[in-house]
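For reference, the structure discussed in these notes is given below.
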Number of protein chains: 2
Amino acid sequence: MSETKIRNMEEFAAVSGISRPTVSKYFNDPDSVRASTRQRIEAALAQYDYRPNIFAINQNRKLTKNVGIVVPFMADPFFIEIARTIEQRCIAMGYRPSLFSAHGDPALEVDILDTLRSLKPAGVLLAPIGRSSDRSEIEKFCRDVPTVLFDSNLNGIGEAFIGSDNFSFVSQTVEYMTRTGEPPSFFEMKTPANPNANKRRDAYIKMMERLGLEPHVIKVKGEGWAFEEIGRQGGHKMFEDGQLKTNAILCSNDRLAIGLLSACYERGVKVGRTPDCALRVASNDGHPFSRFTCPSLTTASHDYESVSNQSVETLFELIESGGRFDTRRERFFPARLILRDSA
Amino acid sequence: MSETKIRNMEEFAAVSGISRPTVSKYFNDPDSVRASTRQRIEAALAQYDYRPNIFAINQNRKLTKNVGIVVPFMADPFFIEIARTIEQRCIAMGYRPSLFSAHGDPALEVDILDTLRSLKPAGVLLAPIGRSSDRSEIEKFCRDVPTVLFDSNLNGIGEAFIGSDNFSFVSQTVEYMTRTGEPPSFFEMKTPANPNANKRRDAYIKMMERLGLEPHVIKVKGEGWAFEEIGRQGGHKMFEDGQLKTNAILCSNDRLAIGLLSACYERGVKVGRTPDCALRVASNDGHPFSRFTCPSLTTASHDYESVSNQSVETLFELIESGGRFDTRRERFFPARLILRDSA
DNA sequence: TAAAAATCTTTACGCGCGATAAAAATGGAC
DNA sequence: GTCCATTTTTATCGCGCGTAAAGATTTTTA
């Protein structure tokens with residue numbers, strides 16, 4: 001490592017003995033120059049640690065190597081799990097991912113898209129907040145920037161959607177619980193923040209009807225993204241009001257279930273599938289913490305890996321197709337039922 | 001909103017009737033131009049939605065408005081809680097925060113610093129991975145970029161450190177548990193990833209000795225950041241080996257405690273402070289999920305708000321001081337003991 | 001109302017790199 | 001040793017904006 005500081009590509013080209021345009025070509029694609037040239041450049045690179053100015057690069061390139069990743073709520077380990085995988089894969093593809101969280105705030109979501117627009121990203125992976133998202137603003141953004149939606153679908157918006165098949169989630173748990181005990185009631189928020197919640201409720205009702213059973217939906221009140229607390233308070237209220245007619249509950253999502261289990265514990269309601277238990281609780285998502293609830297939570301898990309991988313692959317396909325698909329693509333991955341102690 | 005697209009500041013200056021240098025001045029500081037001029041620019045801004053090219057700006061400004069935020073492990077809601085607050089405050093100050101997670105990987109941590117360096121940030125808020133961090137690389141980075149460390153201190157590195165006072169955490173819980181029952185054993189990982197863990201253990205031993213009690217440390221094996229699973233398996237092993245001599249445990253951190261509580265539940269060991277309970281468990285951090293464990297977790301919580309605010313304020317003070325302090329600053333905030341059902 | 005101060009316009013240059021066209025050099029096959 | 005294809009060099013422009021200097025204009029001060 002020499003002590004002379006390289007200020008720009010011109011100087012680096014000089015010390016490496018290669019012309020600047022060739023060096024520039026190298027940085028855009030190391031394989032586009034002759035092997036011997038590449039070696040000389042890389043030798044110089046080892047000696048003087050030079051890196052092209054990222055701002056100058058992005059200013060001049062028509063398409064940057066930036067990729068935006070937007071999640072609705074970062075305090076949710078569920079999204080982190082996916083974002084982390086996506087991030088790594090983007091880096092492996094030679095792109096620079098930037099992660100943003102809307103923190104459940106639709107206005108912030110729009111701000112993020114605005115910021116993202118000015119980054120001129122090659123593409124964006126967006127998990128919208130959902131119900132309260134500003135549809136028209138997102139639609140406008142998607143017209144400007146190649147965007148793949150994931151997790152929450154907004155009909156017709158974006159070039160593609162990658163997510164989970166909500167019916168597969170609910171049908172597996174309903175079938176399992178019904179087969180091994182009583183059919184479950186469905187436990188959800190009155191005004192869900194996320195469109196998946198509605199799909200899951202509808203799937204529950206359809207599934208119950210298909211089995212010739214009467215669906216029973218328990219709606220708890222609460223707004224925002226503090227799902228655990230909403231589940232806990234809703235759980236207490238459910239017991240107090242005697243709303244529960246069965247000994248089995250299927251929660252709309254794991255975070256709600258974590259709160260419900262907390263309420264059950266506080267009330268001394270024993271949850272599980274052993275004979276001494278008063279209640280069985282199952283849920284959806286495969287939340288990283290679901291293994292550590294008391295009892296451990298039976299849940300229909302997202303196929304995290306497939307969703308992440310497919311999202312990234314679809315995005316890069318989109319980028320290579322010039323940012324547009326002929327028809328909007330949708331891909332839904334089935335759930336994987338994880339049997340644990342709670343049901 | 002007119003339909004004519006503004007391509008650059010030149011064109012925007014034309015439609016606003018103001019010269020380009022003045023418009024440039026406005027975007028750097030709206031108050032640096034005459035009120036009447038500002039109004040004319042903002043009128044044009046409302047009509048044609050123009051935004052200066054971020055890459056061109058950053059290329060030419062000596063100091064960008066970028067701020068880097070680096071956390072060691074994003075799947076930990078604890079860091080998200082802090083990062084979220086910091087992020088918002090940076091935006092409010094007119095800066096552009098970028099959030100990165102090292103995902104527990106020291107090599108990735110170095111990569112992030114490398115990426116960050118090329119973003120020429122005005123300053124960086126860094127929570128190092130800790131023990132396994134590449135000290136010399138971080139040190140090198142801090143020489144180039146004004147950096148404030150938070151959460152994990154690396155002695156002498158960075159211009160300042162903002163964190164929590166580990167002794168305050170442990171002393172409060174030890175005092176409380178001893179006063180209301182038996183003195184606790186200390187439950188931790190054998191090779192903690194984080195320097196705070198060592199400080200907490202030392203504080204525990206010192207506190208016990210101060211009270212004239214014999215300290216008892218239980219070290220469970222496990223590497224990496226899957227603290228919950230390490231706590232769970234370690235908990236089982238602790239019971240099997242009969243390592244536990246007291247009826248009270250203080251965990252090094254909440255995530256470990258979540259795993260331990262899970263093990264207790266699986267073994268039918270009732271945790272809590274009521275007479276029918278076999279064990280009391282307390283912990284440290286104030287993890288967002290600690291409210292929802294079974295039983296709810298008594299924990300010494302970080303003062304999230306103070307740590308976040310002080311970190312941001314220190315960083316901006318640093319930036320305004322030209323990136324250097326005369327002497328390295330350190331600030332430790334005391335814990336707030338949250339009494340819940342587990343102890 | 002004149003002078004002083006503040007602000008704006010004009011002109012011009014530089015930042016570091018991408019992109020391109022034409023000229024020159026290189027290397028491999030025969 | 002010649003020829004041709006490939007690669008590199010040379011030269012030059014443009015991206016969008018920061019910034020500086022000099023002169024013109026407006027506002028403030030006395």
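Letters A, B, ... mirror the listed sequences (proteins, then strands); counts begin at 1.
- For the OP1/OP2 pair of C:dC8 and a distance below 4.0 Å, the side-chain nitrogens and oxygens of B:Thr37 include at least one atom meeting the criterion.
- The side chain of B:Arg34 lies closest to D:dT27 when the candidates are C:dT11, D:dT27, D:dG16.
- Under 4.0 angstrom from either OP1 or OP2 of D:dG18 there lies at least one side-chain N or O belonging to B:Ser24.
- The CZ atom of B:Arg61 sits 13 Å away from the C1' atom of D:dG16 (whole-angstrom rounding).
- Closest approach to the B:Ser19 side chain among C:dT9, D:dT9, D:dC17 is made by C:dT9 (side chain taken as heavy atoms from C-beta onward).
- Side-chain N or O atoms of B:Arg331 include none that pairs as donor or acceptor with a backbone N or O of B:Phe161 at under 3.5 Å.
- Between B:Phe78 and B:Tyr304, the gap from one ring centroid to the other is short of 6.0 Å.
- Contact check, A:Tyr26 against D:dT7: no side-chain N or O comes under 4.0 Å of OP1 or OP2.
- Each of A:Ile18 and A:Asn60 was assigned the nucleotide of DNA chain D with the nearest heavy atom; the assignment lying further toward the 5' end belongs to A:Ile18.
- Here the side chain of A:Pro21 is nearest to one of C:dT20, C:dC17, D:dC17, namely C:dT20.
- Residue A:Lys25 is out of contact with every strand shown, counting any heavy-atom pair closer than 4.0 Å.
- Rounded to whole angstrom, the span from the CD atom of B:Glu10 across to the P atom of C:dT9 amounts to 13 Å.
- As a whole-Å value, the separation of A:Ile6 CD1 from C:dC17 P is 11 Å.
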TODO: Decide yes or no on salt bridge (Lys or Arg N to Asp or Glu O under 4.0 Å) for A:Arg135 and A:Glu139, but give the supporting numbers first.
DONE: CA-CA 6 Å; A:Arg135 266 192 73 106; A:Glu139 202 162 7; 5.1 Å; no

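- Remark: A:Glu42 does not engage A:Arg40 in a salt bridge, criterion side-chain N to carboxylate O under 4.0 Å.
- Residue B:Phe12 is classed as having no contact, given no heavy-atom separation below 4.0 Å to the nucleic acid.
- Between the CD1 atom of B:Ile54 and the C1' atom of D:dG18 there is a distance of 14 Å, given to the nearest Å.
- Ion pairing between a basic and an acidic side chain is recognised when a charged N comes within 4.0 Å of a carboxylate O; B:Arg89 and B:Glu87 show no such pairing.
- Between the side chain of B:Arg20 and the base of D:dG18, at least one donor-acceptor pair of N or O atoms lies under 3.5 Å.
- Between the CZ atom of B:Arg51 and the P atom of D:dG16 there is a distance of 16 Å, given to the nearest Å.
- Side-chain N/O atoms of A:Asn28 and base N/O atoms of C:dG18 include no donor-acceptor pair closer than 3.5 Å.
- Nearest nucleotide to the B:Ile57 side chain, out of D:dC17, C:dT20, C:dC8: D:dC17.
- When distances run from any side-chain atom of B:Thr22 to the nucleotides C:dC17, D:dT8, C:dT9, the shortest one goes to C:dT9.
- Toward the 5' end of DNA chain C, the nearer of the two residues A:Met9 and B:Ala35, judged by each one's closest nucleotide, is B:Ala35.
- The nucleotide D:dA30 finds its pairing partner in C:dT1, both defining distances of the Watson-Crick or G-U wobble pair being shorter than 3.5 Å.
- One can place CG of A:Leu63 at 11 Å from P of C:dA19, the figure rounded to the nearest angstrom.
- Rounded to whole angstrom, the span from the CZ atom of B:Arg38 across to the P atom of C:dT7 amounts to 14 Å.
- Proximity of the aromatic rings of B:Phe27 and B:Tyr50 is defined here by a centroid distance below 6.0 angstrom, and this criterion is met.
- Rounded to whole Å, atom P of D:dG18 lies 11 Å from atom CD of A:Gln59.
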